Amino acid sequence: MKKLLFVIIALAIAIPSMAQTPKFHNDYYDCRMAAYAKMPIPENAMIWIGDSIVEQAWWESLIKEKNLVNRGIGGDNTYGMLHRLPLYLDSSPRKIFIFAGINDISANYPVDDVFANFVAMVKMIQEKAPECEIFIQSPITPNNDVLAYAYIKNKQDKVQELNTRLEQMCKDMGVTWVDIRPVLHNEKGEIKEEYTKDGIHLYPAAYEAWVDYLKKMKYVRR
């Protein structure tokens with residue numbers, strides 16, 4: 001009886017902990033990872049790491065930079081990016097653009113943990129590819145009026161908190177903070193309705209405005 005009681009208590013402790021374990025592996029993630037493994041990254045590349053917003057962009061056409069590589073994966077979060085980042089650093093990239101955070105916040109992962117993942121990614125790049133320029137791009141806030149996904153709604157405060165902390169992190173760690181919110185947001189601090197098809201994913205015009213800003217700031221070549 002005592003043994004059975006011990007097992008029940010152990011399960012009661014373990015189950016909530018397991019439920020909170022961050023997840024990034026799924027069939028799509030693994031499929032994209034397998035595909036990317038067949039596509040070697042050239043040396044001195046510009047690498048874009050992110051979620052579906054990064055994956056869906058045609059960066060190679062918008063940005064006329066040599067050896068530009070898109071490593072976005074739809075549905076990915078900072079845990080998944082931190083897991084796969086080492087695969088990209090042996091090629092000695094010259095620039096890495098990171099765009100992440102919305103999927104983490106949508107999954108209700110603590111901002112502290114998401115922020116810690118960003119810090120870990122920056123430290124890893126600085127250690128393994130010290131000549132690489134790092135660009136941390138601000139997570140953008142979904143447009144709640146047209147948002148198609150209920151689980152992403154009403155996350156403005158969390159997105160703002162993460163952005164505030166990321167901006168300070170960039171100052172502290174000597175990397176470039178790229179605030180794209182003034183470019184893509186409306187007066188309510190959400191993605192402009194004309195820029196989004198479902199409240200979070202972007203129309204081509206949004207990507208064009210995004211890249212125009214990068215060019216204006218001389219983060220990428222005109």
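For clarity, every value in this text was computed on a predicted model and none was experimentally measured.
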Side chain to side chain contact (heavy atoms under 4.5 Å, CB included) evaluation trace for V178 with F99 | CA-CA 10 Å; V178 183; F99 179 85; over 6 Å; no
Can you tell if the side chain of [X] reaches within under 4.5 Å of the side chain of [Y], non-hydrogen atoms only?
| X | Y | result |
| --- | --- | --- |
| V69 | M39 | no |
| I134 | T176 | no |
| L85 | I125 | yes |
| M124 | P86 | yes |
| M81 | N117 | no |
| N163 | P139 | yes |
| N103 | I105 | no |
| I96 | M121 | no |

Tell me, please, which residues at least two apart from [X] pass ring-ring contact (aromatic ring centres under 6.0 Å, His included).
| X | result |
| --- | --- |
| W58 | Y207 |
| F97 | W48, F135 |
| Y88 | none |

To the nearest 0.5 Å, what is the distance between [atom1] ([X]) and [atom2] ([Y])?
| X | Y | atom1 | atom2 | result |
| --- | --- | --- | --- | --- |
| E208 | K215 | CD | NZ | 9.5 Å |
| R84 | L89 | CZ | CG | 12.0 Å |
| M217 | D212 | CE | CG | 13.5 Å |
| L87 | Y36 | CG | OH | 12.5 Å |
| N70 | E55 | CG | CD | 7.0 Å |

I need the minimum non-hydrogen distance between [X] and [Y], along with the two atoms involved.
| X | Y | result |
| --- | --- | --- |
| I136 | C170 | CB-SG, 3.7 Å |
| P93 | C132 | O-CB, 3.3 Å |
| S91 | I41 | OG-CG2, 3.4 Å |

Is there a path of hydrophobic side-chain contacts, each under 4.5 Å between heavy atoms of I, L, V, M, F, W or Y residues, that connects V146 with I140?
->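 Hydrophobic grouping puts V146 apart from I140.
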Quick one: do K155 and N108 satisfy side chain to side chain contact (heavy atoms under 4.5 Å, CB included)? Show the steps, please.
-> CA-CA 9 Å; K155 307 288 186 179; N108 294 315; 2.7 Å; yes
Donor-acceptor contacts, no H, no angles, side chain residues 196-206, under 3.5 Å, sequence neighbours left out:
unit_1, atom_1, unit_2, atom_2, d
T196, OG1, D198, N, 3.4
T196, OG1, G199, N, 2.9
T196, OG1, I200, N, 3.0
T196, OG1, H201, O, 2.7
D198, OD1, I200, N, 3.1
D198, OD1, H201, N, 2.8
D198, OD1, H201, ND1, 3.4
D198, OD2, Y149, OH, 2.8
D198, OD2, H201, ND1, 2.7
H201, NE2, S52, OG, 2.9

Pairing residues for [X] by the side chain to side chain contact (heavy atoms under 4.5 Å, CB included) criterion, not counting sequence neighbours:
| X | value |
| --- | --- |
| A209 | V183, Y195 |
| D112 | R165 |
| N154 | N144, Q156 |
| S106 | I102, Y151, I152 |

Mark yes or no for whether K95, through its side chain, and Y219, through its backbone, hold a donor-acceptor pair below 3.5 Å.
-> yes
Side chain of N186, backbone of G189: donor and acceptor closer than 3.5 Å?
-> yes
Test side chain to side chain contact (heavy atoms under 4.5 Å, CB included) applied to M169 and V122, step by step | CA-CA 10 Å; M169 178 203 74; V122 171; 3.9 Å; yes
Got a sec: does the CG of D157 have more than 12 other heavy atoms crowding it under 6.0 Å?
-> no
Can you list every side-chain hydrogen bond (donor to acceptor under 3.5 Å, both in side chains) pair that touches residues 123-136, not counting sequence neighbours?
->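 Those involving residues 123-136 do not exist here.
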Quick one: do the W177 and Q137 side chains pair a donor with an acceptor below 3.5 Å?
->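 Judged by distance alone, the side chains do not pair up.
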For D51, what residues pass the side-chain hydrogen bond (donor to acceptor under 3.5 Å, both in side chains) criterion, not counting sequence neighbours?
->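 Expected list: none.
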Would you give me the side-chain donor-acceptor pairs under 3.5 Å for residues 59-67, sequence neighbours excluded?
unit_1, atom_1, unit_2, atom_2, d
W59, NE1, V54, O, 3.0
K64, NZ, S61, O, 3.2
E65, OE1, R94, NH2, 2.9
E65, OE2, R221, N, 2.7
N67, ND2, E43, O, 3.4

When F115 is tested against each of L166, T78, T164, D104 for side-chain contact (heavy atoms from CB on, under 4.5 Å), which residue passes?
-> L166
Where at least one partner belongs to residues 179-194, residue pairs that pass salt bridge (Lys or Arg N to Asp or Glu O under 4.0 Å), sequence neighbours excluded =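 Residue pairs passing salt bridge (Lys or Arg N to Asp or Glu O under 4.0 Å), neighbours aside: D145-K188, D179-R181.
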Centre of Y29's six-membered ring, under 6.0 Å away, within 45 degrees of the axis: is that where NZ or CZ of R32 sits?
->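 No cation-pi geometry.
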